[in-house]
K.L.:
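Encoded as structure tokens, here's the structure I'll be asking about.
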Amino acid sequence: MSGQERVRAILESRLVQRAVILVIVVNAITIGCETSAYLMQRAGGLLHAIDRVALAVFTVELAARLYAYRRAFFKDPWNWFDAIIVVVALIPASGPTSVLRALRILRALRLVSAVPSMRRVVGALLAAVPGMASIIGLLVLMIYIAAVIATKLFGDIVPERFDELPRSLFTLFQIMTGDDWGNVAQEVMEEKPWAWLFFIVYILMSTFVALNLFIAVVVNAMNEEGEAPPELESVKQELAAVNAKLDQLLVRERQEELHPAADR
């Protein structure tokens with residue numbers, strides 16, 4: 001076994017993979033703890049030491065993967081993802097690049113590439129992007145049409161919310177999220193009692209219909225990307241065995257029907 005194959009076997013072992021996941025989780029926790037002034041006063045040195053050790057582990061692990069897979073390393077988008085995160089972490093966070101200290105928490109995203117189930121979920125979401133883009137376009141069109149109507153109908157009544165198109169767009173986006181939409185509707189209904197019809201139709205179309213469309217597209221993509229569960233595979237095997245036994249019984253019955261006819 002060559003050196004590359006040995007390193008590859010080590011990297012693909014469950015022990016190493018679980019160790020990397022543990023380091024990612026611990027590092028994410030320590031970075032979060034660094035936001036506490038209380039913890040930094042009492043254990044700041046320890047937190048910084050853990051952060052440096054975690055970064056060293058990530059760097060060594062990335063270098064080992066580069067050595068083990070060589071050109072194949074760059075064919076996997078998840079490897080690029082990990083490499084970018086590690087390289088950003090290695091840039092000195094001082095002077096003009098001090099803002100990069102806030103980006104250290106991005107190391108927690110390595111958990112996505114380290115856990116296969118998370119990779120499948122992200123892959124399904126990326127596969128659903130084309131369908132989601134169409135739904136987003138439809139949703140934007142609906143909000144734009146509703147904003148124009150609301151500006152024309154309610155601009156004089158509640159100018160602080162619907163006097164111009166940009167303000168109406170923001171208000172309708174706020175209503176779409178369910179934030180304070182009842183008070184907005186009440187303000188308009190004081191002058192136009194029938195305005196509840198506009199708001200209810202808008203909420204039903206923009207929130208419930210669009211949200212269900214998003215969920216449907218994502219679930220469909222996950223079904224296409226996902227693998228069949230072990231229980232389903234066992235059921236398929238049992239059905240195949242039952243079909244094989246039924247075929248054998250049918251063959252025997254045909255043979256028994258043919259033999260008496262031949263004896264006669």
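On a predicted model such as this, the values are computed, not experimentally measured, just so you know.
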K.L.:
Testing the basics here: between Ala147 and Ser168, what is the closest heavy-atom pair and its distance to 0.1 Å?
P.N.:
O-CB, 3.8 Å
K.L.:
Can you get from Leu197 to Ile149 by hopping between Ile, Leu, Val, Met, Phe, Trp and Tyr side chains that sit under 4.5 Å apart?
P.N.:
yes
K.L.:
Please evaluate residues Asp51 and Leu47 with respect to the criterion side chain to side chain contact (heavy atoms under 4.5 Å, CB included), reporting the C-alpha separation (whole Å), side-chain torsions for both, the decisive distance (0.1 Å), and the verdict.
P.N.:
CA-CA 6 Å; Asp51 182 71; Leu47 294 176; over 6 Å; no
K.L.:
Please give me the minimum heavy-atom distance between Glu12 and Gln17, naming the atom from each residue.
P.N.:
O-NE2, 3.4 Å
K.L.:
How are the rings of Tyr202 and Phe198 set to each other: parallel, tilted or perpendicular (split at 30° and 60°)?
P.N.:
parallel
K.L.:
Tell me whether Val20 shares a hydrophobic cluster with Phe81, the cluster being built from Ile, Leu, Val, Met, Phe, Trp, Tyr side chains joined at under 4.5 Å.
P.N.:
yes
K.L.:
Under the side chain to side chain contact (heavy atoms under 4.5 Å, CB included) criterion, do Tyr69 and Asn79 qualify, and how do the steps go?
P.N.:
CA-CA 10 Å; Tyr69 296 100; Asn79 290 334; 5.6 Å; no
K.L.:
If every non-hydrogen atom of Phe58 is compared with every non-hydrogen atom of Asn27, which pair is closest and at what distance?
P.N.:
CE1-OD1, 3.7 Å
K.L.:
Compare every heavy atom of Ala83 with every heavy atom of Leu62, then report the nearest pair and how far apart it is.
P.N.:
CD2-CA, 3.8 Å
K.L.:
Drop me the distance from Met176's CE to Leu139's CG, to the nearest 0.5 angstrom.
P.N.:
5.0 Å
K.L.:
Between Phe162 and Val184, does a side chain to side chain contact (heavy atoms under 4.5 Å, CB included) hold up when you go through it step by step?
P.N.:
CA-CA 10 Å; Phe162 298 104; Val184 177; 4.0 Å; yes
K.L.:
Would you compute the distance between atom CG of Leu111 and atom CG of Leu22 and round it to the nearest 0.5 angstrom?
P.N.:
10.5 Å
K.L.:
Mind running side chain to side chain contact (heavy atoms under 4.5 Å, CB included) on Trp181 and Gln174 for me, showing each step along the way?
P.N.:
CA-CA 7 Å; Trp181 77 271; Gln174 175 184 345; over 6 Å; no
K.L.:
I need the Ile24 CD1 to Glu61 CD distance, nearest 0.5 Å.
P.N.:
7.5 Å
K.L.:
Over all heavy atoms of both residues, which pair between Glu160 and Arg167 is shortest? Give the atoms and the distance, please.
P.N.:
O-CD, 2.9 Å
K.L.:
Of the non-hydrogen atoms in Asp156 and Pro159, which two are nearest, and what is the gap between them?
P.N.:
O-CD, 4.0 Å
K.L.:
Enter the distance from Arg110:CZ to Trp78:CH2 here, rounded to the nearest 0.5 Å.
P.N.:
11.5 Å
K.L.:
Does any N or O in the side chain of Lys192 come within less than 3.5 Å of the main-chain N or O of Ile157, such that one atom is a donor and the other an acceptor?
P.N.:
no
K.L.:
Is there a path of hydrophobic side-chain contacts, each under 4.5 Å between heavy atoms of I, L, V, M, F, W or Y residues, that connects Ile143 with Val140?
P.N.:
yes
K.L.:
Determine, using the 4.5 Å side-chain heavy-atom cutoff (strictly less than), whether Tyr144 and Ile203 are members of one ILVMFWY cluster.
P.N.:
yes
K.L.:
Rounded to the nearest 0.5 Å, how far does CG of Leu172 lie from CZ of Phe199?
P.N.:
7.5 Å
K.L.:
Would you please name every residue forming a salt bridge (charged side-chain N to carboxylate O under 4.0 Å, His left out) with Asp76, sequence neighbours left out?
P.N.:
none
K.L.:
Within this structure, what is the CG-OG1 distance for the pair Asp179 and Thr171, rounded to the nearest 0.5 Å?
P.N.:
10.5 Å
K.L.:
Within the side chain of Ser36, is there an N or O that forms a donor-acceptor pair under 3.5 Å with the backbone of Cys33?
P.N.:
no
K.L.:
Does one hydrophobic cluster hold both Ile29 and Val112, with members joined at side-chain heavy-atom distances below 4.5 Å?
P.N.:
yes
